[in-house]
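Structure record follows, encoded as structure tokens.
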Amino acid sequence: MSSYKVIGTRPVRHDGADKVTGRAIYGADFQINGLLEGFVLRSPHAHARIKRIDTSKAEAYPGVKAVVTARDFPQVEDRIVDLGEGDTPLSYVTGNLLAAGKVLYRGHAVAAVAALNAHIAEEAAQLIEVEYEPLPCVLTAPEAMADGAPQLHEGKPNMTHHIQHRLGDAAAGFAQADIIVEREFDTATVHQGYIEPHNATVLWNNDGRVHVWCSTQGSFVVRDVTACVLSLPVQKVRVTPLEIGGGFGGKIPVYLEPVAALLSRKSGRPVKLVMSRRDCFEATGPTPGSRIKVKMGATREGKFVAAEAWMAYEAGAYPGAMIGPGTMCVFASYDIANIAIDGYDVVVNKPSTAAYRAPGATNAAFATESVVDEIAQQLALDPLELRLRNAAREGTRRADGPKYRSIGCTEVLEAMKASPHYQSKLEGPNRGRGVSLGFWFNAGLPSSCTISVNADGSVSLVEGSTDIGGSRTSLAMQAAEVLGIPAERVNPNVVDTDSIGYTGVTGGSRTTFATGWAAHDAAQDVIAQMKTRAAKLLGVDAATHEDGLFSGGGKTLTFADVAAQLGETGGPVIGRATVNPKGVGGSFAGNIADVEVDPETGKTTVLRFTVVQDAGRAIHPSYVEGQMQGGSAQGIGWALNEEYFMNAQGAMMNTSLLDYRMPTALDLPMIETIIVEVPNPAHPFGVRGVGEANIVPPPAALANAIHGATGVRLRALPMSPPAIMRARWDAEEAAG
Amino acid sequence: MRRRRRGRLAQVYLPTQLQPLADGRATVEVEAATLAELLAKLAGSYPELGTRLLDEQGKLRSHLAIAVDGEIAAAGLREELSGNPEIHFVMAIKGGIN
């Protein structure tokens with residue numbers, strides 16, 4: 001039984017009241033004196049050369065205060081920069097903010113207007129004359145890789161990066177196999193679907209300081225990108241992160257802030273830009289569509305002996321699809337001696353892709369876990385038993401090289417097997433059950449935290465990780481556990497980039513792990529100082545701290561007792577910590593899905609859905625369950641309905657949430673959760689991070705369940721009603 | 001007199017596509033006390049391999065990360081080596097990461 005007093009409990013979240021009463025300040029709500037509102041003019045073409053832009057009529061329109069195009073960026077020589085997303089030419093970064101020379105996708109920003117209000121700005125933007133020379137477009141990786149395909153970046157191939165991983169000898173491995181299954185899969189482009197659109201308000205002060213208020217997963221990334229593209233020192237840029245209405249990886253890239261800064265400089269007033277839903281779909285980074293071929297060989301006894309994958313991911317307009325992690329995850333759940341993986345990063349005329357919960361892994365698992373299911377079927381083995389016989393364990397070498405440290409893959413599979421769901425019987429016509437497994441690495445990265453002690457025994461915790469999943473509370477709880485006080489006595493605050501040390505993005509499921517580690521260390525720093533103060537009060541050389549009490553000389557003092565007398569014992573106490581931790585613990589997640597498929601319409605109803613995930617240690621179990629349910633819901637949407645429905649000219653035809661069909665509460669059963677805890681031995685509390693692995697298994701689990709219900713294997717996402725009906729008719733026709 | 005720190009014999013696993021730049025070797029052994037020293041020695045033996053791993057400033061190319069015994073080296077090239085570590089060059093996962 002846990003000896004923790006705070007870890008593992010379920011306190012009310014610190015930001016809860018503000019959010020349920022509508023008091024929390026989101027970017028669209030933000031107001032400041034003299035605020036102008038802006039509008040971004042976007043390309044109607046998926047691929048075109050810009051021959052001329054004339055902004056004069058817009059500039060003359062009443063109420064307009066500024067108009068900017070790419071020409072307003074500092075004209076500097078192109079160079080390679082690393083702004084948190086790896087090496088990238090600066091011209092790609094600025095080119096995605098405002099197009100110069102060519103537009104590479106429909107929705108690509110070409111100009112922006114600031115005016116007295118957004119309506120005037122939009123009207124004026126329509127007066128901007130842009131002369132385009134339309135060019136042929138390519139929309140999928142296979143098309144873009146074909147000989148003679150239109151090139152997005154002149155003189156550079158559309159296939160921008162090739163990754164290879166080799167382990168053992170795949171050909172020799174396949175020679176040992178009794179059965180081999182080889183299949184091809186496609187996945188559609190899907191969007192994170194965060195409910196709050198991107199927004200930014202920027203004030204470029206007369207003294208050259210730039211203040212940004214925005215919705216972001218990484219305030220320091222916004223600071224660094226804004227400073228870089230505007231040729232400013234980072235000292236001149238201050239970013240205040242406001243509340244964030246979802247991100248899921250999609251609010252790491254920067255789209256609006258430097259543009260709003262240019263408008264502010266030109267107009268001399270603060271400028272707010274807010275995207276529409278259509279802008280979010282057409283101009284922000286979705287997750288890559290992909291084509292994946294997977295081949296796996298197994299012995300009669302159910303041991304995987306070889307595996308191969310060929311993977312092509314759409315990067316969108318600029319290089320940088322999530323092909324790297326895709327190749328690292330495609331066989332990461334299994335111990336296979338002989339593996340060959342080839343991955344390709346391919347530019348296409350769609351918006352530049354961005355991270356989306358375990359980026360690259362869901363596409364890969366859809367392919368692998370579907371093939372694993374076929375192997376289980378051919379060997380007449382229970383699908384979980386087959387997975388257990390091959391599951392990755394501590395010491396298993398991954399195809400990309402490193403061996404696993406402590407992981408919970410088998411524990412997740414055992415929990416799935418023992419679950420009430422898997423032990424139950426599924427009966428009735430047109431119904432099927434599927435299972436699937438997924439992995440995500442999680443991340444470390446730098447984090448900072450300070451804790452100051454108040455005279456009433458409460459503390460203020462200051463940190464730089466924007467809170468997208470309840471992390472204020474999960475950090476406060478880790479600090480409270482060390483301090484020996486209730487979580488409610490900790491006031492967590494997410495502050496601007498001038499008020500806290502560098503902190504990496506809220507991504508990679510890293511916040512509760514890394515910033516939590518910083519909170520733990522900062523709390524230890526507080527305790528070390530408080531022990532000195534307590535010793536003075538107790539009249540001893542050294543005091544101890546245990547169970548929330550400072551002791552010495554046979555007497556005890558509470559945290560509040562010592563806090564009340566800080567003035568007399570040396571002044572305020574502030575604890576601080578910065579970390580760049582090692583010991584990141586990867587997480588496995590598994591699904592059991594029961595579905596019923598309507599034989600007449602092809603509509604899939606999810607009857608029952610269970611998600612099992614290794615959390616390491618669940619700091620706040622309700623938030624862990626919430627992450628597991630949220631990732632599952634998004635994975636179900638990815639599997640069954642969501643897609644960028646593109647016409648031949650590269651225009652997305654379903655740019656509203658009415659037509660881009662994300663699941664609602666009415667579409668889903670209560671998602672059952674089982675938290676597995678295989679503590680991460682490196683972390684002070686055993687945390688792994690739970691934000692991502694849960695989105696990996698749903699598409700394959702549902703594909704396997706749909707096969708059980710219909711006898712048909714779906715190998716393309718989404719498995720929408722028309723896709724299922726088409727597959728059924730094809731199967732019936734093939735059967736004669 | 002200061003005692004000289006002894007280097008550690010590291011087993012370096014080379015990425016598949018870079019193996020041709022190291023005479024086709026999949027692994028090489030390098031004695032080094034830090035990753036910086038290890039990379040310098042690798043680059044000394046295989047200059048073309050060095051340019052694929054390090055940029056003009058001698059920094060690790062930012063699409064790469066180095067795993068020491070399965071653990072990403074948070075200290076980068078300053079990472080100190082102990083025992084007989086396994087070294088892997090892996091794709092850096094940033095952002096959504098993650």
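Note: hydrogens, waters and symmetry copies are ignored here, and every other heavy atom, side chains too, is used. Letters go in sequence order (proteins before strands), and every chain restarts at 1.
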Non-hydrogen side-chain atoms of D69(B) and R405(A) separated by less than 4.5 Å: yes
Heavy-atom contact with chain B under 4.5 Å, split by part of R397(A): side chain
Minimum side-chain heavy-atom gap R398(A)-H88(B) below 4.5 Å: no
I163(A) side chain near M91(B) side chain, heavy-atom distance below 4.5 Å: yes
Chain B contact via H162(A) - which portion, at a heavy-atom distance below 4.5 Å: both
Under 4.5 Å from any heavy atom of chain A - which part of E79(B): side chain
Whether E71(B) side chain and K582(A) backbone form a donor-acceptor pair below 3.5 Å: no
Contacting region of R166(A) [heavy-atom separation from chain B under 4.5 Å]: both
Close side-chain approach of V90(B) to M328(A), heavy-atom, < 4.5 Å: yes
More than 12 heavy atoms of other groups within 6.0 Å of E48(B) CD: no
Engaged part of A67(B) at the chain A interface, taking heavy atoms whose separation is under 4.5 Å: side chain
Separation of T16(B) OG1 from D400(A) CG (nearest 0.5 Å): 10.0 Å
Exam field: side chain Q17(B) to backbone Q164(A), donor-acceptor pair closer than 3.5 Å: yes
